Structures are given as structure tokens and as C-alpha cells.
Amino acid sequence: RSKMRPLTSFAVNPDGVRFETQEEEERVILFLRQHLVVNVPWVVLTIILVFAPSLLLPLIIRNVPFTIPPSYFLVGTLAWYLATTGFVLASFLHWFFNIYIVTNERIVDIDFQYLLFKRFSQAELERIQDISYTSSGIFATIFHYGNVYVQTAGEMPNIEFLAVPRPDKVVENIRSITENLPGAI
């Protein structure tokens with residue numbers, strides 16, 4: 001069993017994980033979220049955005065041919081930092097609330113799109129036809145993350161787990177669960 005911490009990206013048989021459509025006898029086997037390293041680009045951009053006003057304002061003041069009232073700079077700087085805070089909050093919430101869950105009955109993909117919109121997709125384990133993964137690129141190889149693709153039968157949606165840690169272990173766990181289902185070939 002895995003102990004869940006706030007920023008956990010990969011947990012096998014996690015304690016205390018529940019989701020809104022979970023059945024009474026259904027138990028969570030895998031809890032996934034994108035690898036922590038996928039946050040690096042927006043964190044670096046945030047650092048640049050935080051220091052940009054203190055670097056750019058002196059250049060602007062020196063190079064404009066007219067004077068700008070100091071109150072305009074204050075309002076502009078406050079608006080800049082408000083937008084930066086909104087960007088940080090939206091980026092973090094997108095990473096934190098996009099989760100993938102594998103239970104003993106189904107696979108669940110919860111995509112947090114915007115502050116007030118989420119998409120919930122699920123596939124019953126019996127309907128899974130194929131499971132595969134890809135891991136490409138230098139960062140994916142170094143930090144051991146990749147994409148897992150679950151193909152389902154019929155009209156059910158195919159599910160993609162994007163940039164999850166240890167994709168080989170995810171595929172192995174899902175395969176072992178589906179092989180142990182009643183009626184599995």
C-alpha cells in the first residue's frame with residue numbers, strides 16, 4: 001500500500017483515495033497523475049514573469065520619449081502580478097486535478113480543463129482490448145515517464161494517460177488486473 005502525499009504522481013493501492021462515482025465494493029489499485037517534471041516549463045516561465053517587471057520597467061522608463069505617471073506603473077505592475085498569479089494557479093490546478101485511476105472494475109480518466117469544467121471518462125476492464133505505452137525523448141527517458149494508451153471495444157472511448165511515471169509498471173498492473181478477471185482468456 002502507498003501512502004498518499006499531496007503531490008503524489010504514482011501510487012499502488014493508495015490509502016484514502018476516493019472519487020465521486022466510486023462504487024461501495026470498488027477499490028483503487030493505481031492512482032496516477034502526470035510526472036512532476038512536466039511542471040518545469042511553467043515554473044520556469046513563472047520565474048521569468050515574476051522578475052520581468054523589475055527588469056523591463058527601467059528600460060521602458062529610459063527609452064520612452066514622454067513621461068508616464070508613477071500610478072500607471074503601479075497599476076500596470078499590479079495587473080502583471082495578478083495575471084502571473086492566475087497563470088500559476090491555472091497551471092498548478094490543471095496538473096493537480098488531471099488524474100488517472102485504475103480500480104478493480106474500471107479505468108477512470110478525470111480531466112480538469114478549466115476552473116468550472118471537468119471531463120470524466122471511464123472504461124470497464126472487461127472492454128479493454130489493448131494496452132500500450134510510449135516513452136520518447138530525453139526527459140522522458142531520464143525521468144522515466146511516458147504515455148499509456150488503453151484501447152477499448154466498441155463505442156467506449158479510448159483512454160490516454162499522458163506523461164505518467166513508470167508507464168511500463170502501469171501497463172503491467174493493468175494487464176495483471178485484466179488477466180485475473182472472471183471470464184478472461
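No hydrogens, no waters, no symmetry mates; every other heavy atom, side chains included, goes into these values. Note that this is a predicted model, so its numbers are computed, not measured.
- The side-chain heavy atoms of L57 and T77, taken from C-beta on, include a pair separated by under 4.5 Å.
- P167 and V148 get closest at one heavy-atom pair: CB-CG2, 3.8 Å.
- The backbone N or O of Y145 sits less than 3.5 Å from a side-chain atom of S135, completing a donor-acceptor pair.
- We find the NZ-OH distance between K169 and Y133 to be 10.0 Å, quoted to the nearest 0.5 Å.
- By the 6.0 Å and 45° rule, R33 does not stack over the aromatic ring of Y100.
- Looking at F10 and L30, their side chains come closer than 4.5 Å, going by heavy atoms from C-beta outward.
- Within 6.0 Å of atom CD1 in I138, 12 or fewer heavy atoms from other residues, nucleotides or ligands are found, so the atom counts as exposed in its surroundings.
- Proximity of a side-chain donor or acceptor of T8 to a complementary backbone N or O of M4 within less than 3.5 Å is not detected.
- Taken to the nearest 0.5 Å, the CH2 atom of W80 stands 13.5 Å off from the CZ atom of F73.
- Closest heavy-atom contact between T152 and A123: CG2-CB, 3.5 Å.
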Y72 vs V75, test: side-chain contact (heavy atoms from CB on, under 4.5 Å). Steps then yes/no.
CA-CA 5 Å; Y72 285 19; V75 170; 5.9 Å; no
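- The OG1 atom of T178 lies 8.0 Å from the CD1 atom of I174; values are rounded to the nearest 0.5 Å.
- Salt-bridge check for E20 with K118: passed, with a basic side-chain N closer than 4.0 Å to an acidic carboxylate O.
- A side-chain N or O of W42 and one of N39 form a donor-acceptor pair less than 3.5 Å apart.
- The heavy-atom pair separating L49 from Y81 by the smallest distance is O-CE2, 4.3 Å.
- Of the possible donor and acceptor atoms, one in the side chain of N98 sits under 3.5 Å from a partner among the backbone N and O of F112.
- Checked by atom type and distance alone, the side chain of Q22 pairs as donor or acceptor with a backbone atom of F19 at under 3.5 Å.
- The closest donor-acceptor contact from the side chain of H35 to the backbone of F143 lies under 3.5 Å.
- The two residues H94 and Q113 come nearest to each other via the heavy atoms CD2-O, 4.3 Å.
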Residues 101-109, side-chain donor-acceptor partners within the protein, below 3.5 Å, at least two apart:
residue: T103; atom: OG1; partner: E26; partner atom: OE2; Å: 2.7
residue: T103; atom: OG1; partner: E105; partner atom: N; Å: 3.1
residue: T103; atom: OG1; partner: R106; partner atom: N; Å: 3.0
residue: T103; atom: OG1; partner: R106; partner atom: O; Å: 3.1
residue: N104; atom: OD1; partner: R27; partner atom: N; Å: 3.0
residue: R106; atom: NE; partner: E26; partner atom: OE1; Å: 3.4
residue: R106; atom: NE; partner: E26; partner atom: OE2; Å: 2.7
residue: R106; atom: NH1; partner: Q122; partner atom: OE1; Å: 2.2
residue: R106; atom: NH2; partner: T21; partner atom: O; Å: 2.5
residue: R106; atom: NH2; partner: T21; partner atom: OG1; Å: 3.4
residue: R106; atom: NH2; partner: E26; partner atom: OE1; Å: 3.0

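- Note that CD of Q34 is 12.5 Å distant from CD1 of I99, once rounded to the nearest 0.5 Å.
- A distance of 10.5 Å separates CD of Q151 from OH of Y149, quoted to the nearest 0.5 Å.
- When all heavy atoms of I29 and P14 are compared, the closest pair comes out as O-CD, 3.9 Å.
- For the pair P58 and P53, the tightest heavy-atom approach, listed with the atom from each and the gap, is CD-O, 4.1 Å.
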Show the numbers, then the answer: is there a side-chain contact (heavy atoms from CB on, under 4.5 Å) between V50 and T84?
CA-CA 7 Å; V50 165; T84 301; 4.3 Å; yes
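- Inter-residue side-chain proximity for N147 and F161 is flagged as unmet; no heavy-atom pair is nearer than 4.5 Å.
- Linking ILVMFWY residues whenever their side-chain heavy atoms come closer than 4.5 Å, directly or via other members, leaves F87 and L78 in distinct clusters.
- R175 contributes a side-chain N or O that, together with a main-chain N or O of I131, makes up a donor-acceptor pair within less than 3.5 Å.
- Between L7 and W95, the closest side-chain pair of non-hydrogen atoms falls below 4.5 Å.
- For the atom pair CG of N63 and CG of L56, the computed distance is 11.0 Å after rounding to the nearest 0.5 Å.
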